[in-house]
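Reviewing the structure listed below.
First the proteins, then the strands, lettered A, B, ... as listed; each starts at 1.
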Amino acid sequence: MATLPKKESRAPTTCLGLDTNYGDGLERERSRKPDHKRPEHYGVGDPTTTFSSDSSHLSSRGRISKWFWDSAEEGYRTYHMDEYDEDKNPNGIINLGTSENKLCFDLLSSRLSQSDMLQVKPSLLQYPDWRGHLFLRKEVARFLSFYCRSPAPLKPENVVVLNGCASLFSALATVLCEVGEAFLIPAPYYGAITQHVYLYGNVRLVYVYLDSEVTGLDTRPFQLTVEKLEVALQGANAEGVKVKGLILINPQNPLGDIYSPGELRQYLEFAKRHELHVVVDEVYMLSVFEESLGYRSVLSLERLPDPQRTHVMWATSKDFGMSGLRFGTLYTENRDVATAVASLCRYHGLSGLVQHQVAQLLQDRDWINQVYLPENHARLKAAHTYVSGELRALGIPFLSRGAGFFIWVDLRKYLPKATFEEERLLWRRFLDNKVLLSFGKAFECKEPGWFRLVFSDKAHRLRLGMQRIRKVLTGTLRVAEDPPSSRTQEPRGQHI
Amino acid sequence: MSHQSDSLHKPCGQMKDQGLKTQKPHPPVMELILRLRQLIDEYSRQLKIKHLQEDLEQEKQRHSQDTREQEAILVQLLGEVVNLLQAGATSSLELQLPRLSLDSRGGGGQQAQLPRKPDQLSHQLSDSKAAVVSCDLSNRGIDISASYKSSFKDFIAYQGDKYHEDKNTLGCINLGLSENKLCIDLLTERLSRSDMNYIDDDLLQYPDWSGHAFLREEVARFLTYYCKAPEQLDPENVVVLSGCCAIFSALTLVLCNPGDAFLIITPFYSGFTFTSSLYVNVELIRVHLDSEITEADTQPFQLTVDKLEKALLEARLKGKKVKGLVLINPNNPLGDIYSRDSLMEYLEFAKRYNLHVIIDEIYMGTVFDESIPFHSVLSMESLPDPNRTHVIWGTSKGFGISGFRFGTLYTHNKEVVSAVGAFGFLHGISGITQHKLCRLLQDREWIDNVYLPTNRSRMQEAHRYITNRLKTLKIPFLSRGSGLYIWVNLKEYLDPCTFEEEQLLYRRFLDNKLLLAPGKAYMCKEPGWFRLTFSDKPLRLKVAMNRFSQALLEQKQYWVEKQMKCVLGE
C-alpha cells in the first residue's frame, strides 16, 4: 500500500532554533523562495487538513478513509484492474511499487499444500483466546527466540497475535496515546503508518526529517542520529504536541538500511531519557540478503534500556512473502500493553485455521533453514544485482544496502523543478508507461525526486519493468532539456 | 448515555487513585473543611456582587477600596487556615494521597485530553479498573483493558477449566457464550474436503482491500438467495472484513464524528458497547424496552416507533448528535424477530429523521422454527432510504464458525462501501480463509440438503430439551424460534430484585461450574434476566441443567437460612 499517493498533509512546520516569525508577511515571502528555504528538521503530520472529498453521508473520519481509498485507486487499484500477465495481458501494468516478495511462491505453495497444513479441528472453528491460540503464541516465541537470537528464551505470554502489522500499529497507538498525541518517526518511512495510527487512534506522527546529503558527523545518507531525534522532540513539544513514543523500522523501509546495535542502543537510550515508548517494526528481519551487514534484532540486545516501553512487531508478510496471509505479532514484556492490545483483537483477529498453518510453518526449521531462507536470499540477491546493474548503466544514483525488497532511487535530476508536483508528474509518466513505482512523498521524504523501486519480482517482469523505466527516463531527460514552454503537463500538478 | 456517573468525568488518573485508596480521610474533619470552603467561597462571591453594585453607584469609592482590601486579606487568611488544616488531615490520615498524585499521567496532556465519554460498561468496570494500574497505557488503553477483563474474566477462567465428558467432568460448562456447537462435526468434515485446500499466488498477496472479488461475488449470490432479495445483489456493494465487530466499528467510524451517537435497542449484545464507545468513540444511546405487557405493548420487550421517537428527541434535547439506529434482527438476546410491518415502520421512522440504520442480521441462519417467517431487510421490494440502510452478516452464528473471523457489509451507498473498504488493511482476512469461505457459501447442495436440515433439527431438539427443563422448574422465559439462546426470567430468585443480587446469582451458577450471561451484560434495565445458550451437545446440556437446578436450590436454601437468622436474631 505504500504506493498511495499522499496529499501534502501540512506544509512542514517552522524549523527549530530559528525565528518563528513565519506569520509576518516578509518572512513568508522570503521562505517561499526556494533559494531561501530553511532546512527543516521535523514536521507534524495532520491528516485532517486538506481533505475535502465531498460526501453527504460520511463523517470527517469517513471522508479521510474514503480519500485513502480513492487515492489508492489511482495506483494500486489501477494496477489491480490492468495487471500484467505474460500471456493474457502483456501490456498490463508491472507493479514495482508494492513491497511484496514474489520470488518464492513456488516454495510457499508447496509447503502450504502439505498434509500437516490441512488439519481442521473443532477448536480452530470456535471463538479463540483473543491473544491468539496458545499453540501459535508458543511457536512464535520459540521462532523469535531463535531467529532474533534473544539472550534468553522469549515467553508466549508476551506474544499477541493478530491480522497484520497495520492492526498492530492501530492497536498500539490507541492503547499508548490519547487522542491528538504523537509518535516520532524518522522520515522517509513506510507512509501507510500515518493512516494506521490515525483512523482509530487519532494519533499523529512527528517526522524526524533525514537528509540525503552527508553532513556534519553523519557517515551515510539519511542517517538517523540522536541529535535529530532530540531536535524533533523539542520542536514538537514547543508546538504543544505531546509525543508518547518513537517508531523505528529496522531494517528500514524505504531505505533498505539497517541500524547497527550501537545506534539502536543510542535510540533506545534517548527514548528512555524522555520516557518514550519505542515501537520497533522488524517486519523485514529475515529479508537481509547481504549477510555481511550483521543485522541485529532489538530482541537480541543483552539488556534493553527500558524493556517495559519497548515493543517489537513482526509478521509473515515480508519475510515469508505472504502479505495475503494477514499474520502479525507483537512481542512486549509489558503485560498491560499486551493485554490492552489483546483486548482489541476481536476487531483484528485471524482465522483459527490460518493460525494452525502459521504455527506449522514456523515450526518447520528444516524447511526454513535448508530450503526457504537460502533460496529466498539467493533469489533476492540475484534480482537485486540485476536491477542495481540496470540503474548503474542508466547512471542513476541509488541507495541499497542489502536488506528489504527495494532500492531507494534518486531521480532528482529528472525533475525540471525540485517540487513534489514534478515528482508526481514523473510518477504518472511511469504509470502511463505501465510501470508502477512509489514516489518519495508517499514516504514523507522531504526532498522531491526519490522513488522506491521494488526488485523482488520474477526476472521477466523485472526486465520489462526496467525497460519501461528506461523509456520514461530517457524521454524525460529530453523533455527536461526542452524549453519550458513546450511542457504541457503543468496544470495537472493542480491535481494534488 | 442515559446513566451518567459523575465519577466518569474525572481524568483517569484520579479514578485510579481512588480505586487504590484503602483508607478514607477522616470524615468529620473533611466535612468541616469542605463546609468551611463552601462558606468562604460563598462569602467572597457575595462580596464580589456587592462590589459590583458599589462600583455602579460610584460612591464612597475610596472607602469601599479600603474595605475590599481588608476583606481580601481576611478571605486569604481563612483560606490558608483551611488549606493547612486540609493538608494536615490528608497527610496524617491518608499517606497514599501525596505519593499517588505524583503519578505523571494525572496532570499532563491537557490539550490532548478530551472529556472522557461515559459508557455503559464503565460502571461495571470500577473493580477491574483498580486492578489495571499502569503508567504505560493511555486512559483509553486502561479502559479498553478493564472492559476486556471485566467481560472476559470468567470466559478466560472457563478456558482454563473446560468441561470434558471424560477428562474433566467437573470442568466449567459455558452457556454464556453465543456459539453454535451442534454442527462442528459437519463443518469439520466439509472444511476438510480437498476443494478447501487450494493455494494460489493471488491468495498469498495483498488482496483488494474490500475482499477478493470471488468472495464478494459469492456473498452477493448467497445473500440474494437466502435473503430472498427481489433482484440480484451487486458484488460492488459488498465489503468483507474480519468479523462483524470489525464491520460495525469501521461502519460507525465512517458515519460518525467522535462523540456522535447511535440509538440502540436495549437489551442488546454488549460487544457493540465495547466496540463503539472505546475504539471508535461513538456513543450508544439506549432505547429501553420493558418486559411488561401493556396496552401499547402486546409483547414483552416490544419495540415501537413511539419509543424510538422519544429516545431520539430526548437525546437531541441533551445536545447529542444522533446519526443512526442499530437494529439486531433476529434479536440478541431476546431471540425475537421483527415482522415485515414493524421493520418497515422502523425504517420509515429513520428516514423521517435522516438516520442511518445499521441492521445486524448475523442470526439470520439461526431461525429454527419454520413457522416464524424471517424477513431480511434485503428482501424488501423498496427500501425507504437505501442510501442509509446498511446490513451486516457473518458466518459465526448460522454456520457456527466464530473462529473464522468473517463479517460482511451490504450497502447501496457507494461512499460507505469505499470508506469501509479502506479498512481492509486493518481488518483484513487471509486469502486462504477467503477461499474456504467462498467454497462453503458456494456449496448450496451441502447447505440445503445436509447442513441446514441437520442444524435445524439439532437446534429444535436442544431447544425443546432446555425449555422443558425450564418449564419443569416453573421458570418463565422468552424464546420465539430464533437465536442460539433463551432469555430467562429469574427475578423470582432475587430478593431484593437488584443487580447486586443478580450478580450474586450469577456467581452461584459459576460456583456450580456453569457460565451464563447476566442481563446486566446486555444493559437490561430490569435485574433478573439471564441469557442461556442452548446450542450445545445434549450431554453437556443435561449436566448444565442439573447444575442450573442445583444452583437455584442453593439460592432458595440461602433465603431460608437468611430468614431463619432474621427470626432468630429478633
Side-chain angles (χ1 to χ4, degrees), chain A residues 1 55 57-62 65-66 68-70 80 98 100 105 108-109 112-113 118 120 122 124-129 163-164 166-167 170 174-181 199-200 240 242 308-309 322-326 334 336-337 339-340 343-344 346-354, chain B residues 109 111-114 132 134 136-141 144-145 147-148 159 177 179 184 187-188 191-192 197 199 201 203-208 242-243 245-246 249 253-257 260 279-280 387 401-405 413 415-416 418-419 421-423 425-433:
Chain A
M1 283 295 283
S55 163
H57 289 112
L58 300 178
S59 66
S60 58
R61 301 185 287 184
S65 168
K66 182 172 182 295
F68 283 135
W69 172 273
D70 291 345
H80 263 285
T98 309
E100 271 186 307
F105 287 141
L108 289 160
S109 294
L112 288 172
S113 306
L118 313 179
V120 181
L124 297 176
L125 303 181
Q126 298 182 0
Y127 276 119
D129 179 334
N163 66 344
S167 307
S170 175
T174 304
V175 306
L176 296 179
C177 305
E178 307 300 343
V179 169
E181 291 181 345
L199 278 178
Y200 280 113
K242 176 137 172 104
Q308 288 295 310
R309 288 205 184 86
M322 297 186 290
S323 32
L325 200 70
R326 313 311 303 141
N334 189 320
D336 292 329
V337 173
T339 307
S343 314
L344 289 172
R346 61 158 57 187
Y347 312 112
H348 305 292
L350 74 162
S351 160
L353 297 178
V354 174
Chain B
Q111 152 262 355
Q113 257 178 19
L114 295 176
V132 183
S134 161
D136 293 319
L137 296 180
S138 61
N139 288 336
R140 49 187 175 163
I144 284 167
S145 267
S147 161
Y148 172 74
Q159 284 199 322
L177 193 66
E179 232 177 349
I184 293 269
L187 280 149
T188 307
L191 291 167
S192 304
N197 304 317
I199 304 275
D201 292 4
L203 297 180
L204 300 181
Q205 297 183 39
Y206 278 120
D208 179 336
S242 61
C245 275
S249 62
L253 188 142
V254 306
L255 297 177
C256 295
N257 290 319
D260 287 354
Y279 207 18
V280 187
N387 266 321
I401 43 173
S402 37
F404 251 68
R405 314 311 306 135
N413 190 321
E415 286 170 353
V416 173
S418 50
F423 281 80
F425 59 90
L426 289 180
H427 303 296
I429 314 177
S430 168
I432 295 175
T433 308

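Interface remark: of the candidates B:Leu426, B:Ile199, B:Ile429, B:Leu426 forms the most heavy-atom pairs closer than 4.5 Å to chain A. Between chain A and the options B:Leu253, B:Leu191, B:Leu187, heavy-atom pairs under 4.5 Å are most frequent for B:Leu253. With respect to chain A, the highest number of heavy-atom pairs below 4.5 Å among B:Thr433, B:Asn197, B:Ile432 belongs to B:Asn197. In terms of non-hydrogen atom pairs under 4.5 Å with chain B, the most contact-rich of A:Leu118, A:Leu353, A:Val354, A:Asp129 is A:Leu118. Interface check for chain B: of the options A:Ser60, A:Gly352, A:Gly164, the most heavy-atom pairs under 4.5 Å are formed by A:Ser60. If you tally non-hydrogen atom pairs under 4.5 Å between each of A:Gly62, A:Ala166, A:Ser167, A:Ser323 and chain B, the highest count goes to A:Ser323.
Just one residue in the list A:Asp336, A:Thr339, A:Asn334 forms a side-chain contact (heavy atoms from CB on, under 4.5 Å) with B:Leu137, and that residue is A:Asp336.
Aromatic rings of A:Tyr347 and B:Phe423 (six-membered ring for Trp) have centroids beyond the 6.0 Å cut-off, not under it.
Summarising the geometry of B:Ile184 relative to A:Pro122, their closest heavy-atom pair is CG2-CB, 3.2 Å, with the distance given to 0.1 Å. In terms of heavy-atom proximity, A:Ser351 sits nearest to B:Phe404 at CB-O, 3.6 Å. Scanning all heavy atoms of the two residues, the minimum distance from B:Asp136 to A:Leu176 falls at O-CD2, 3.5 Å. Contact between B:Tyr279 and A:Ser170 at its shortest, heavy atoms only, is OH-OG, 2.7 Å. Nearest heavy-atom pair across A:Thr174 and B:Ser138 is O-OG, 2.9 Å. For the pair A:Ser343 and B:Ser145, the tightest heavy-atom approach, listed with the atom from each and the gap, is OG-CA, 3.8 Å.
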Exercise for review: May I have the step-by-step check of side-chain contact (heavy atoms from CB on, under 4.5 Å) for A:Leu350 and B:Arg405, ending in yes or no?
Suggested key: CA-CA 6 Å; A:Leu350 74 162; B:Arg405 314 311 306 135; 5.7 Å; no
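Between B:His427 and A:His348, the two ring planes are parallel [angle under 30°; tilted spans 30° to 60°].
For B:Asn413, the side chain to side chain contact (heavy atoms under 4.5 Å, CB included) partners two or more places apart in sequence, or in a different chain, are A:His57, B:Asn387, B:His390, B:Thr411, B:Glu415, B:Val416. Residues passing the salt bridge (charged side-chain N to carboxylate O under 4.0 Å, His left out) test with B:Asp201, sequence neighbours excluded: none.
Atom OG1 of residue B:Thr188 and atom CG of residue A:Leu125 lie 5.0 Å apart, to the nearest 0.5 angstrom. Taken from OG in B:Ser418 to CG in A:Leu58, the straight-line distance is 7.0 Å, to the nearest 0.5 Å.
Here the side chain of A:Arg61 pairs a donor or acceptor atom with the backbone of B:Val280 at under 3.5 angstrom. Checked by atom type and distance alone, the side chain of B:Asn257 never pairs as donor or acceptor with a backbone atom of A:Ser59 at under 3.5 Å.
Only the backbone of B:Leu203 has a heavy atom closer than 4.5 Å to any heavy atom of chain A. Using a 4.5 Å cut-off between heavy atoms, B:Leu255 touches chain A through backbone and side chain atoms alike. For B:Glu179, the part sitting under 4.5 Å from any heavy atom of chain A is the side chain, from C-beta outward, and nothing else. Only the side chain of A:Arg309 comes within contact range of chain B, judged by heavy atoms closer than 4.5 Å. For a residue to count as touching a neighbouring chain, one of its non-hydrogen atoms must lie under 4.5 Å from one of that chain's; by this rule A:Gln126 touches chain B with backbone and side chain alike.
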